[in-house]
There are 2 protein chains.
Amino acid sequence: MSATTENEAPTERQQAVLDAVLDLLVEGGDQLTMTAVARRASCSKETLYKWFGDRDGLLAATVRWQASKVRAGNYDRQKLDAEALRDSLEAFAANWLKVISSRTSIALNRVAVSHAASARSNLGRIVLDNGRFAIGERLKPLLEAGRAAGLLAFDDAEEAFRSFFGLVGRDVQIRVLLGDPLKLSTAAIERDSKHAVDQFFTLFEAGGTRPKIHSL
Amino acid sequence: MSATTENEAPTERQQAVLDAVLDLLVEGGDQLTMTAVARRASCSKETLYKWFGDRDGLLAATVRWQASKVRAGNYDRQKLDAEALRDSLEAFAANWLKVISSRTSIALNRVAVSHAASARSNLGRIVLDNGRFAIGERLKPLLEAGRAAGLLAFDDAEEAFRSFFGLVGRDVQIRVLLGDPLKLSTAAIERDSKHAVDQFFTLFEAGGTRPKIHSL
DNA sequence: TTTGAACCGTACCGTACGTTACGGTTCGGC
DNA sequence: GCCGAACCGTAACGTACGGTACGGTTCAAA
């Protein structure tokens with residue numbers, strides 16, 4: 001038995017299995033049966049149970065595997081001027097929008113939400129820790145650096161981040177989770193990210209000389 | 001057969017059945033079996049199928065029933081000064097936060113998200129239409145009245161509403177859907193609503209003389 | 001009083017799926 | 001070459017649940 005505890009990294013063969021799970025999940029959440037996974041990954045069900053314990057263990061390993069693929073670099077740079085801060089925030093926003101609107105993320109969030117309804121597994125917490133809270137922990141140091149550099153003004157980095165989160169995500173995540181055929185092109189993500197960062201600066205820029213921005 | 005088409009209102013007996021569904025749903029999403037509903041509502045399964053067609057029909061009727069209970073009044077008033085606009089926006093925000101953090105709404109959104117994964121029913125669309133889009137259609141007239149009264153400045157009411165939606169909801173909905181034990185007291189909802197409306201005015205107030213607000 | 005529609009409770013059926021068991025194959029170590 | 005571990009493919013098991021059938025009861029209309 002391996003890959004069931006959250007610390008062990010899956011072997012290459014196990015990664016192939018987890019990618020098969022992701023494929024099936026994207027193709028339709030209800031197609032994810034153990035038999036289908038075994039067939040798609042060309043492995044036996046016995047092996048699945050040996051490696052992952054049970055169905056929930058397989059799902060948890062899949063979530064962690066996807067999270068490890070999506071983790072982007074930390075945007076810590078030496079000189080932080082207004083331009084660099086804006087670029088980093090826009091990069092954060094664009095990356096986040098790209099992730100939450102991807103078919104893989106939608107499928108994983110759906111199964112995690114489903115499991116959260118019956119508290120028999122901790123999939124929801126895993127997704128939260130690798131999504132919402134992970135990006136929070138990566139973004140807050142940047143916000144605090146911006147404050148230290150005299151570019152931003154706020155009392156609580158957590159609250160500032162939550163505002164940023166809301167300005168960027170808006171209604172996107174709930175809409176895609178509920179099946180709204182919302183398509184976010186790369187250009188739209190770029191534009192929405194800039195817009196959100198503009199709004200964020202309007203709310204939190206230190207000094208307050210920047211004119212307000214209303215339209216796209 | 002009745003209550004299956006979206007226009008017929010459920011009879012009193014049927015409402016009792018739908019309330020039983022809501023109860024079971026809140027107690028744990030996986031407990032919602034047709035047998036459990038029949039037992040809880042003291043009715044026969046045959047009646048359930050006669051009234052609602054199948055399991056999905058029962059769920060759809062439940063969503064519509066809950067939506068009909070939650071619909072609040074429209075905030076259209078004659079004289080719209082800055083104070084009235086602010087009050088109305090805060091009332092909208094507080095009501096929305098209260099709804100999305102309620103156990104009933106969480107449970108219903110979870111089953112709708114689950115169903116959206118396998119496109120065999122339109123629960124997701126029903127929830128979107130009665131939630132996200134319903135509040136949008138109710139709020140946009142208020143925003144446009146505010147603009148007509150010279151209190152707000154924006155190009156697109158839909159975009160302004162989406163910003164409002166993000167500032168109010170932030171990370172609340174995804175967190176509760178994923179099982180985060182986030183508790184929103186009435187006082188917290190009140191405070192967060194005021195804060196969100198403050199931020200909204202900072203972004204969209206016409207004229208722009210208001211000082212920016214950073215802290216809680 | 002009769003009758004029939006509506007409904008309750010329960011037994012029943014078919015199926016899907018998680019889980020286990022097992023025979024056969026591959027392959028690295030001795 | 002031999003052994004055992006790991007693994008594949010498939011069959012089998014148990015159960016949960018959606019959906020149906022049916023006998024018994026209530027009750028209102030004729």
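Worth knowing before you read on, the calculation uses all heavy atoms, side chains too, and leaves out hydrogens, waters and symmetry mates. Being a predicted model, the structure only gives us computed values, none of them experimental.
- Between the CG atom in A:Leu177 and the CD1 atom in A:Ile100 there is a gap of 8.5 Å [rounded to 0.5 Å].
- Considering only side-chain N and O atoms, B:Arg13 lies under 4.0 angstrom from the phosphate OP1 or OP2 of C:dC8.
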- Item | Test log, rule salt bridge (charged side-chain N to carboxylate O under 4.0 Å, His left out), inputs B:Asp129 and B:Arg125 | CA-CA 6 Å; B:Asp129 286 344; B:Arg125 171 111 318 261; 2.9 Å; yes

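- When the C1' atom of C:dG18 is taken as reference, atom NE2 of A:His115 falls 12 Å away, rounded to whole Å.
- B:Arg86 CZ to B:Ser193 OG: the interatomic distance, rounded to the nearest 0.5 Å, is 12.0 Å.
- Each salt bridge (charged side-chain N to carboxylate O under 4.0 Å, His left out) pair with one or both residues in residues 9-26 of chain B, not counting sequence neighbours, appears once here: B:Asp19-B:Lys69.
- Using modelled atom types, one side-chain atom of A:His115 and one backbone atom of A:Val111 make a donor-acceptor pair closer than 3.5 Å.
- Ion pairing between a basic and an acidic side chain is recognised when a charged N comes within 4.0 Å of a carboxylate O; B:Arg132 and B:Glu137 show no such pairing.
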- Produce a footprint string for nucleotides 19-26 of chain C: one letter per nucleotide, 5' end first; B if the base is under 4.0 Å from any protein heavy atom, S if only the sugar-phosphate is, - if neither. BB-B----

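- For the ring-ring contact (aromatic ring centres under 6.0 Å, His included) with A:Phe165, the lone residue among A:Phe133, A:Phe200, A:Phe92, A:Trp96 that qualifies is A:Trp96.
- Partners of A:Thr47 by side-chain contact (heavy atoms from CB on, under 4.5 Å), not counting sequence neighbours, listed by chain and number: A:Ser44, A:Trp51.
- D:dC17 atom P lies 15 Å from atom CG of B:Leu58, rounded to whole Å.
- Within the 4.5 Å cutoff, the side chain of A:Leu80 has heavy atoms near those of the A:Leu142 side chain.
- Atom CD in A:Gln14 sits roughly 12 Å away from atom C1' in D:dA6 (whole-Å rounding).
- Between B:Arg39 atom CZ and D:dC17 atom P there is a gap of 10 Å when expressed in whole angstrom units.
- A:Leu143 pairs in a side chain to side chain contact (heavy atoms under 4.5 Å, CB included) with only one of the listed residues (A:Phe164, A:Phe204, A:Phe154), which is A:Phe154.
- At a non-hydrogen distance threshold of 4.0 Å, nothing from residues 23-30 of chain A comes into contact with DNA chain C.
- Whole-Å rounding puts the A:Leu48 CG to C:dC17 C1' distance at 14 Å.
- Here A:Trp51 reaches the OP1 or OP2 of D:dC7: one of its side-chain N or O atoms lies under 4.0 Å away.
- Applying the salt bridge (Lys or Arg N to Asp or Glu O under 4.0 Å) criterion to B:Lys98, with sequence neighbours excluded, gives no partner residue.
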Distances under 3.5 Å between nitrogen or oxygen atoms of protein and nucleotides 13-16 of chain C:
none

